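Each chain gets a letter, A, B and so on, in the order the sequences are listed, and its residues count up from 1. In this text the structure is predicted, and so the values were computed from the model without any measurement.
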Protein chains: 2
Amino acid sequence: MRLSARSEYGLRALAALAGREAAEPVPLRQLAQSEGLSEQFLEQIFMELRKAGFVSSTRGAHGGYSLTRPAEEILIFDLLETLEGDLAPYECVATDQPECMQVPFCVTRQVWLKLRESMQQAIGTMTLAEIAAGRTWETASR
Amino acid sequence: MRLSARSEYGLRALAALAGREAAEPVPLRQLAQSEGLSEQFLEQIFMELRKAGFVSSTRGAHGGYSLTRPAEEILIFDLLETLEGDLAPYECVATDQPECMQVPFCVTRQVWLKLRESMQQAIGTMTLAEIAAGRTWETASR
DNA sequence: TCAATCATGAGTGACTCACTCAGGATTCCA
DNA sequence: TGGAATCCTGAGTGAGTCACTCATGATTGA
Ligand code: FES
Ligand code: FES
């Protein structure tokens, strides 16, 4: 029951990207170095993020990545769904799953559903801007 | 971000066990067959549950497993912690973890904390009796 | 033209998961 | 007293996943 390193790296790097208010695109190398991450691995991650529409890239010298929307409009929930795949604690309750045949008899489904729902609520309103600024700190730490 | 089959099998089998009100211990074979699970694998799981104090075993002919407490007093949260290990979305916020060195600068910790907290709340009051009876069905499914 | 950057795909070693296999120990009952 | 039923223990294994690395190509700006 752990999130992958992809998710951590992705969130970190995006937060760093959001931190730079510049309109200029930021090269991946800078993000990787400032966060101490593998450049090549981060590249993979940013490809996903680009395909999902969170960042755009400009090639060539002075190229790099930039956010396509202001950080205030990017939900952590959406990011994690992209980075991590469906945020479901069990296959049976994944959103892309056909209705499970065991539904009528199943005692565990209610547990998975409740877990999923609570996770969605927890990060459904958190934005990239918030975590970049660290502002939800107090409320998040109970 | 998936729970393991151990958790599913464990919950299922325990719910089945709770379903039989008999004072007699129930042999593992019956539980495994009624739920369609591998007997040997379920055995491993029940060893853990025994060591964690949720069930007790009686050996020999007419032996089997029984709950040590009424199902109403067994929290799903505790079961999942036993079956799944620490219910933390990231190592850094596992309870057995020493305080993470990056805490002061870390932008992701708040996300992990919020996720963990919400999961705990979601299943912190669910009991084995409830899921065995399927009574939380309506509330769990939104 | 060349350096900086993104783009793409294949490969890999370590690890985990969901089991199986093999055999032993304890207890009840005929 | 013997054997059947059950729990107990530990080792092994094939498939899959994870967190990367490697190699190479494409695009752009100076
Ligand atoms: S496994 Fe799908 S309903 Fe329980
Ligand atoms: S990784 Fe531990 S505080 Fe962020």
Side-chain angles (χ1 to χ4, degrees), chain A residues 1-13 17 22 24-68 80 83-86 89-91 94, chain B residues 1-13 17 20 22 24-68 80 83-86 89-91 94 108:
Chain A
M1 192 57 177
R2 294 280 196 271
L3 293 170
S4 62
R6 295 182 93 75
S7 298
E8 200 211 329
Y9 297 173
L11 289 189
R12 286 188 117 76
L17 183 54
E24 307 261 299
V26 180
L28 200 66
R29 172 163 298 150
Q30 281 182 32
L31 291 176
Q33 280 176 357
S34 83
E35 298 294 313
L37 306 175
S38 148
E39 198 180 329
Q40 301 229 49
F41 190 29
L42 198 55
E43 215 158 55
Q44 283 183 20
I45 296 172
F46 268 70
M47 293 305 292
E48 283 189 64
L49 291 172
R50 181 176 61 87
K51 281 173 186 159
F54 294 108
V55 298
S56 63
S57 60
T58 35
R59 287 175 149 199
H62 301 289
Y65 290 95
S66 22
L67 295 176
T68 55
L80 284 186
L83 293 166
E84 196 66 25
D86 204 322
Y90 210 81
E91 274 211 343
Chain B
M1 190 59 176
R2 294 281 195 273
L3 293 170
S4 61
R6 296 182 92 76
S7 298
E8 199 211 328
Y9 297 172
L11 288 188
R12 285 189 117 76
L17 183 53
R20 321 214 173 184
E24 307 262 300
V26 180
L28 200 65
R29 170 162 301 152
Q30 281 183 32
L31 292 176
Q33 280 176 356
S34 82
E35 299 293 313
L37 306 175
S38 146
E39 200 180 328
Q40 302 228 53
F41 190 29
L42 198 56
E43 215 158 55
Q44 284 181 19
I45 297 172
F46 268 70
M47 294 307 290
E48 284 188 62
L49 292 172
R50 182 175 60 87
K51 281 172 186 159
F54 294 108
V55 299
S56 62
S57 61
T58 35
R59 288 175 147 198
H62 300 290
Y65 290 94
S66 22
L67 295 176
T68 54
L80 284 187
L83 293 166
E84 197 67 25
D86 203 322
Y90 210 79
E91 275 210 344
T108 51

With heavy atoms under 4.0 Å as the rule, sort B/F46 into base, sugar-phosphate or nothing. nothing
Least distance between heavy atoms, A/Y65 atom then A/S57 atom: CE2-CB, 3.5 Å
Against the side chain of B/A61, the closest entry in D/dA19, C/dC28, C/dC6 is C/dC28
Whole angstrom is fine here: how far is it from CZ in B/R2 over to C1' in C/dA18? 17 Å
Closest to the side chain of A/P27, out of C/dT5, D/dC8, D/dT27, is C/dT5
Proximity to the side chain of A/S57 - top-ranked nucleotide from D/dC7, C/dA7, D/dA19: C/dA7
Looking only at side-chain atoms of B/M47, point me to the closest of D/dA19, C/dC29, D/dC8. D/dC8
Whole angstrom is fine here: how far is it from CG in B/L17 over to P in D/dT6? 15 Å
Can you find a heavy atom in the side chain of B/R2 that is under 4.5 Å from one in the side chain of A/M1? no
Over how many whole Å does the gap from A/E48 atom CD to C/dT8 atom P extend? 13 Å
On a heavy-atom basis, which atom in B/Q44 and which in B/R6 lie closest, and how many Å separate them? OE1-NH1, 3.9 Å
Relative to the 5' end of DNA chain D, which residue comes earlier, B/R50 or B/Q30, by the nucleotide with the nearest heavy atom? B/Q30
In this structure, are over 12 heavy atoms from other groups packed under 6.0 Å from B/E48 atom CD? yes
Any side-chain N or O of A/T58 less than 4.0 Å from the OP1 or OP2 oxygen of C/dC6? no
Between P on D/dC20 and CG on A/L83, what's the gap in Å once rounded to a whole number? 14 Å
Looking only at side-chain atoms of B/F41, point me to the closest of C/dG24, D/dA30, C/dC19. C/dC19
For B/E24 and D/dC7, give me the distance from atom CD to atom C1', rounded to whole Å. 17 Å
To the nearest angstrom, the CD1-P distance between B/I45 and D/dT9 comes to 16 Å
Answer whether the closest heavy-atom distance between the side chains of B/L31 and B/F46 falls below 4.5 Å. yes
Can you pull every protein N or O that's under 3.5 Å from an N or O on nucleotides 10-14 of chain D?
none

Between atom CD in B/E43 and atom P in D/dA5, what is the gap in whole Å? 15 Å
How are the rings of B/F41 and B/Y9 set relative to one another: parallel (under 30°), tilted (30 to 60°) or perpendicular (over 60°)? perpendicular
A/R59 CZ to D/dT28 P, straight-line distance once rounded to whole Å: 7 Å
Can you pull out every salt bridge (charged side-chain N to carboxylate O under 4.0 Å, His left out) where at least one residue sits in residues 28-47 of chain A? Sequence neighbours excluded, please. A/R12-A/E35, A/R29-A/E39
Would you confirm whether B/T68, through its side chain, and B/F54, through its main-chain N or O, come within 3.5 Å as a donor-acceptor pair? yes
Looking only at the side chain of B/Y65 (C-beta and beyond, no hydrogens), which of the listed nucleotides C/dA18, D/dT28, D/dC8 gets closest? D/dC8
Take B/E39 and A/L3, find for each the nucleotide of DNA chain D with the closest heavy atom, and name the residue whose nucleotide sits nearer the 5' end. B/E39
Given DNA chain C, 5'-ward residue of the pair B/R6 and A/G64, judged by closest heavy atom: A/G64
Under 4.0 Å: is that the gap between some side-chain N or O of A/Y9 and OP1 or OP2 of D/dA19? no
